[in-house]
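Each residue takes its place number in the sequence, starting with 1.
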Amino acid sequence: MFNLIPGYDSNGALIERLYQWDLNQTITVKHLDFEKAPVFHFCNRKSKESLAVQSQATGNGYTASVPNILLQQALKITAFIYYEGDGFGKTVFRTEIPVEPKPKPTDYLYDDNIADVLKKGSALLNEIDEKIENAVSNADKAATKAGTATKAANDAATAAREAAAAVGDEIDGIMIVDNDDDSKYLGKFRISSGHPALGITKLQ
């Protein structure tokens, strides 16, 4: 049988019993160490299904809401502590809450606190998914920018190597030269390393 552990109320006191028609109660199990908060599976002896409630880490333990619907019956509530890992799930502990009978109060208004808990849990998961998606998108953008910068650096290095190689060679060219009398002639010039112009020779 699963190990039986004590449960504590919101004031930190040991839960010895709850009363029928109580509302919005919580239970905390202490001195457990999980990588993430476990799920509590609540039921009583007439339950056909257990009600799964995601717990929250609180101090040195984990706290979950007790389903109000189970507090409508004067039956002992059992909460199975269910841990979900990477690709597996296992019930590791259980805790029990005796429910003492009491006449239904005239002002009793049922509050589906489990639907609210599940809604909050779903919203939290959606928020986490959105943060993960944004992180992946930002990482992709950073990688794209890094790739562009790397290409620009490589292109600049290639151009520098080509320029350095060209400096070591002599380059011939032809240009139009103006005379003092406004006449023009074709001239041949040469450029080499360290000498922008080695002179202009008139072409015959």
Side-chain angles (χ1 to χ4, degrees), residues 1-140:
M1 195 63 180
F2 307 110
N3 294 327
L4 181 63
I5 58 175
Y8 300 85
D9 64 19
S10 58
N11 295 318
L14 179 67
I15 297 177
E16 295 182 354
R17 68 183 61 82
L18 291 177
Y19 286 90
Q20 188 180 11
W21 310 111
D22 283 352
L23 284 169
N24 302 325
Q25 300 297 304
T26 63
I27 183 170
T28 299
V29 292
K30 299 181 178 181
H31 311 300
L32 301 179
D33 185 18
F34 297 115
E35 291 185 1
K36 62 180 181 180
V39 176
F40 284 39
H41 290 164
F42 290 94
C43 62
N44 61 31
R45 61 181 177 82
K46 290 188 176 181
S47 298
K48 294 182 179 180
E49 293 181 332
S50 61
L51 298 174
V53 179
Q54 177 63 57
S55 69
Q56 303 294 326
T58 52
N60 63 344
Y62 301 95
T63 300
S65 296
V66 179
N68 286 333
I69 194 168
L70 292 179
L71 289 169
Q72 292 182 340
Q73 299 173 300
L75 299 172
K76 180 175 66 179
I77 297 172
T78 299
F80 295 95
I81 314 303
Y82 182 77
Y83 178 72
E84 293 180 302
D86 186 11
F88 74 92
K90 183 178 181 180
T91 301
V92 288
F93 298 101
R94 67 183 172 91
T95 187
E96 296 179 345
I97 309 170
V99 180
E100 295 289 330
K102 183 185 73 174
K104 182 178 180 180
T106 57
D107 61 350
Y108 177 82
L109 293 175
Y110 175 68
D111 175 25
D112 190 356
N113 62 331
I114 299 309
D116 183 57
V117 168
L118 294 178
K119 182 178 179 181
K120 290 179 180 179
S122 178
L124 179 61
L125 289 176
N126 290 336
E127 181 181 352
I128 292 173
D129 288 342
E130 183 178 354
K131 289 181 178 180
I132 292 174
E133 184 177 346
N134 290 337
V136 171
S137 177
N138 291 336
D140 288 341

* To do: Output the distance between atom NZ (K36) and atom OG (S55), rounded to the nearest 0.5 Å.
  =>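 The NZ atom of K36 sits 11.0 Å away from the OG atom of S55.
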
* To do: First locate atom CD of Q56, then atom OG of S65, and finally report the distance between them rounded to the nearest 0.5 Å.
  =>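 Going from CD on Q56 over to OG on S65, the span is 9.0 Å.
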
* Tell me, which pairs form a salt bridge (charged side-chain N to carboxylate O under 4.0 Å, His left out) where one or both residues lie in residues 66-82, sequence neighbours left out? ->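 The answer is K76-E96.
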
* Using the salt bridge (charged side-chain N to carboxylate O under 4.0 Å, His left out) rule, collect all pairs that involve residues 51-60, keeping only residues at least two apart or in two chains. =>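 For residues 51-60, and leaving out neighbouring residues, there are no salt bridge (charged side-chain N to carboxylate O under 4.0 Å, His left out) pairs at all.
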
Residues which pass side-chain contact (heavy atoms from CB on, under 4.5 Å) with [X], listed by chain and number, not counting sequence neighbours:
{"X": "K46", "answer": "N44, Q73, L75"}
{"X": "A79", "answer": "F40, F42, T95"}
{"X": "P103", "answer": "none"}
{"X": "A74", "answer": "Q20, P101"}

Would a 4.5 Å heavy-atom cut-off, applied to side chains only, mark [X] and [Y] as touching?
{"X": "I77", "Y": "L71", "result": "yes"}
{"X": "T91", "Y": "I81", "result": "no"}
{"X": "V53", "Y": "V66", "result": "no"}

* **Test side-chain hydrogen bond (donor to acceptor under 3.5 Å, both in side chains) applied to Y108 - qualifying residues, sequence neighbours left out** =>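 Partners of Y108 by the side-chain hydrogen bond (donor to acceptor under 3.5 Å, both in side chains) criterion, ordered by chain and then number, come out as Q72.
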
* **Shortest non-hydrogen separation from C43 to E49 and the atoms involved** =>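 So the minimum-distance heavy-atom pair works out to CB-O, 4.5 Å.
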
* Asked: What pair of heavy atoms forms the shortest contact from A52 to V39, and how long is it?
  ->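 Closest approach of A52 to V39: CB-CG1, 3.9 Å.
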
Please set out all donor-acceptor pairs under 3.5 angstrom arising from side-chain atoms of residues 25-32, sequence neighbours excluded.
{"unit_1": "Q25", "atom_1": "NE2", "unit_2": "L23", "atom_2": "O", "d": "3.0"}
{"unit_1": "T28", "atom_1": "OG1", "unit_2": "T63", "atom_2": "OG1", "d": "2.5"}

Which atom pairs, one a donor and one an acceptor, fall under 3.5 Å between side chains of residues 8-18 and the rest of the protein, sequence neighbours left out?
{"unit_1": "D9", "atom_1": "OD1", "unit_2": "N11", "atom_2": "N", "d": "2.9"}
{"unit_1": "D9", "atom_1": "OD1", "unit_2": "G12", "atom_2": "N", "d": "3.1"}
{"unit_1": "D9", "atom_1": "OD1", "unit_2": "A13", "atom_2": "N", "d": "2.9"}

* Asked: Side-chain donor-acceptor pair under 3.5 Å between N68 and D112, yes or no?
  ->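 There is no such pair (donor and acceptor under 3.5 Å, judged by atom type) between the side chains of N68 and D112.
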
* To do: Assert yes or no for the condition that the ring centre distance of F80 to F93 is strictly below 6.0 Å.
  =>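 Ring centroids of F80 and F93 are no less than 6.0 Å from each other.
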
* Asked: Which pairs pass side chain to side chain donor-acceptor pair (under 3.5 Å) with one or both residues in residues 78-90, sequence neighbours excluded?
  ->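 Non-adjacent pairs meeting side chain to side chain donor-acceptor pair (under 3.5 Å): zero.
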
* To do: Check the surroundings of atom CD1 in I5: do more than 12 heavy atoms from other residues, nucleotides or ligands lie under 6.0 Å from it?
  =>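 Count over threshold, so yes.
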
